[in-house]
Undergrad: 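Sharing a structure below in structure tokens format, with a few things to ask.
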Amino acid sequence: MSTAMQTRGAFDVALIRDEFPILEQAVNDRPLVYLDNAASTQKPEAVIRAIADYYRRDHSNVHRGAHTLADRATAAFEQARMDVAAFLGGAKREEIVFTRGTTEAINLVANAWGRTHLGPGDEILLTAMEHHANIVPWQLVAEATGAVIRVAPVLENGELDLDAWKALLSERTRIAAMVHVSNALGSINPVADMVAAARAAGAVTLVDGAQAVNHFPVDVHALAADFYVFSGHKLFGPTGIGVLYGRESLLDAMPPWQGGGEMIERVSFEAGTTFAGLPWKFEAGTPHIAGAIGLGAAIAWLNGIDRVAAAAHEAALLARLDAALAGMNDVRRIGTAPGRVAVASFLLDGAHPTDVGMLLDQQGIAVRVGHHCTMPLMERFGIPGTVRASFSIYNTFEEVDCFVAGLDKVRSFL
Ligand code: PMP
């Protein structure tokens with residue numbers, strides 16, 4: 001049992017931190033302050049151990065071996081799928097497709113669903129705060145099918161202009177794809193409302209949950225989204241693994257998007273090929289077995305944490321940083337939507353974000369600078385990029401103060 005599990009109900013950030021070995025190091029002779037969690041979270045010992053144990057004891061290819069290790073690897077891989085299904089509020093095994101990440105999951109839908117359901121004049125409704133992963137696959141499929149992309153605007157405070165979004169919904173809208181939580185701004189979109197409105201207009205919905213699942217529980221049935229996608233590496237799990245949840249009836253009607261081993265029932269030059277059932281129809285080739293197992297371990301670890309308390313802790317960290325930034329008259333905040341999560345994006349007068357990032361790194365403080373793969377959003381605010389500090393449950397108030405002091409030091413170099 002992990003230390004965090006023993007403290008269920010009593011959120012103790014020091015105990016949680018202890019489970020993340022990477023956080024215990026010095027960077028540039030200063031204690032590491034890791035505030036780049038929206039890009040990727042760090043991994044608890046339980047996840048690192050699950051991956052190492054799998055390779056030490058159980059590794060084999062999955063699904064087709066008639067021996068003990070193959071059976072063990074298959075059981076662990078498929079158990080991870082069940083863990084993901086439960087994590088998303090009780091989805092079915094058939095509805096959980098493992099992918100390389102959010103990006104691949106959206107490409108899967110854009111190709112397998114988009115190329116069979118979109119035609120000239122059909123509309124794809126996006127928002128101006130989408131990550132490139134939820135823009136470019138749709139641009140590619142729009143070009144191939146003649147479909148048209150519509151983009152709902154973002155208000156000055158970083159909230160979606162919901163009225164404008166609703167006004168863009170029409171009988172021509174075939175799919176509405178929206179980010180649940182913006183990686184650049186932290187704004188939370190009212191996705192349940194948006195899904196309901198899109199469905200009433202006859203459109204299918206895809207929700208990009210890459211920045212949501214690590215901050216609060218997500219129930220795909222309550223949201224009623226047709227597709228929900230996320231990445232393991234932002235959820236304390238490994239890189240190279242992600243999830244596409246898809247409503248069974250939709251997945252069933254979609255053709256495969258990649259062909260190869262693992263996804264077939266029978267292959268014949270004469271009689272053609274028939275495909276495996278769900279979800280394997282969408283998992284061509286040897287999957288990232290260790291990645292799925294690591295993701296299962298991350299979910300088990302997170303299930304041992306009091307998530308309400310964790311969310312309150314993250315909100316308190318953000319409130320402390322917001323208060324400090326609000327008092328700085330050389331700071332331009334980008335994204336101040338009410339109720340946003342874990343992200344503070346801003347510009348410092350007279351400093352390029354890249355220089356700010358470098359000067360912070362010299363003090364052991366890791367943040368992300370640049371466009372955050374949201375170039376249209378940066379364009380909307382007329383800026384090349386921002387400095388982004390993003391929190392996770394293991395961050396501390398001392399780290400917030402250290403970041404604020406770090407900015408003072410940056411100013412002294414300007
Ligand atoms: N969508 C959002 C909102 C993200 O934050 C990210 C990662 N920055 C992605 C999509 C892409 O995720 P990945 O690179 O893991 O596929």
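Below, all heavy atoms of this structure are taken into account, side chains as well, without hydrogens, waters or symmetry copies. Order of appearance sets the numbers: ligands from 1, and atoms from 1 within every ligand.
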Undergrad: Examine the side chains of His132 and Thr374 and answer whether a donor and an acceptor come within less than 3.5 Å of each other.
TA: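 No pair is found: no donor N or O on one side chain lies under 3.5 Å from an acceptor on the other.
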Undergrad: How does His233 reach ligand 1, by side chain, by backbone, by both or by neither, if only non-hydrogen atoms under 4.0 Å count?
TA: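 For His233, the contact with ligand 1 is made by the side chain alone.
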Undergrad: For ligand 1, which atoms have a heavy atom of Thr103 less than 4.0 angstrom away?
TA: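 By the 4.0 Å cutoff, the relevant atoms are 11 (C), 12 (O), 13 (P), 14 (O), 16 (O).
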Undergrad: Do Glu78 and His63 meet the criterion of a side-chain donor-acceptor pair at a distance under 3.5 Å?
TA: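 Side-chain D/A pair, Glu78 to His63: present.
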Undergrad: Below 30° counts as parallel, above 60° as perpendicular, anything between as tilted: where do the rings of Phe20 and Trp301 land?
TA: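 Perpendicular: the ring planes of Phe20 and Trp301 meet at over 60°.
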Undergrad: Within a reach of under 6.0 Å around CZ of Arg100, are more than 12 heavy atoms found that belong to other residues, nucleotides or ligands?
TA: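 No, CZ of Arg100 has 12 or fewer neighbouring heavy atoms, counting only those of other groups under 6.0 Å.
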Undergrad: Suppose I only count heavy atoms of Val179 and a 4.0 Å limit; which atoms of ligand 1 are within that range?
TA: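 What qualifies from ligand 1 is 3 (C).
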Undergrad: Between Gly232, Ser231, Ser390, Gly209, flag the one that comes closest to atom 12 (O) of ligand 1 by a heavy atom.
TA: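 Considering heavy atoms of Gly232, Ser231, Ser390, Gly209, the nearest to atom 12 (O) of ligand 1 sits in Ser231.
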Undergrad: Suppose we measure from atom 1 (N) of ligand 1 to each protein heavy atom; which comes out shortest, and what is that distance?
TA: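 Closest protein heavy atom to atom 1 (N) of ligand 1: Asp208 OD2, 2.5 Å.
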Undergrad: Is there at least one pair of N or O atoms, one from Glu104 and one from ligand 1, spaced under 3.5 Å apart?
TA: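 No - when backbone and side-chain N and O of Glu104 are compared with those of ligand 1, no distance drops under 3.5 Å.
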Undergrad: Name the orientation class of the two ring planes belonging to Tyr55 and His59 (parallel below 30°, tilted from 30 to 60°, perpendicular beyond 60°).
TA: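 It falls in the tilted class, 30° to 60°.
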Undergrad: State, without any angle test, whether Asp161 and Trp165 hold a side-chain donor-acceptor pair at a distance under 3.5 Å.
TA: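 Short answer, no.
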Undergrad: Do me a favour and list the nearest non-hydrogen protein atom to atom 4 (C) of ligand 1 with residue, atom name and distance?
TA: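 Its nearest protein heavy-atom neighbour is His131 CD2, 3.4 Å.
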Undergrad: Do me a favour and list the nearest non-hydrogen protein atom to atom 8 (N) of ligand 1 with residue, atom name and distance?
TA: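 Answer, as residue, atom name and distance: Lys234 NZ, 2.8 Å.
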Undergrad: Can you list the ligand 1 atoms lying under 4.0 Å from a non-hydrogen atom of Gln211?
TA: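 Those qualifying, in numeric order: 3 (C), 4 (C), 5 (O).
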Undergrad: Could you walk me through whether Phe227 and Arg247 pass side chain to side chain contact (heavy atoms under 4.5 Å, CB included), step by step?
TA: CA-CA 7 Å; Phe227 299 106; Arg247 194 185 290 281; over 6 Å; no
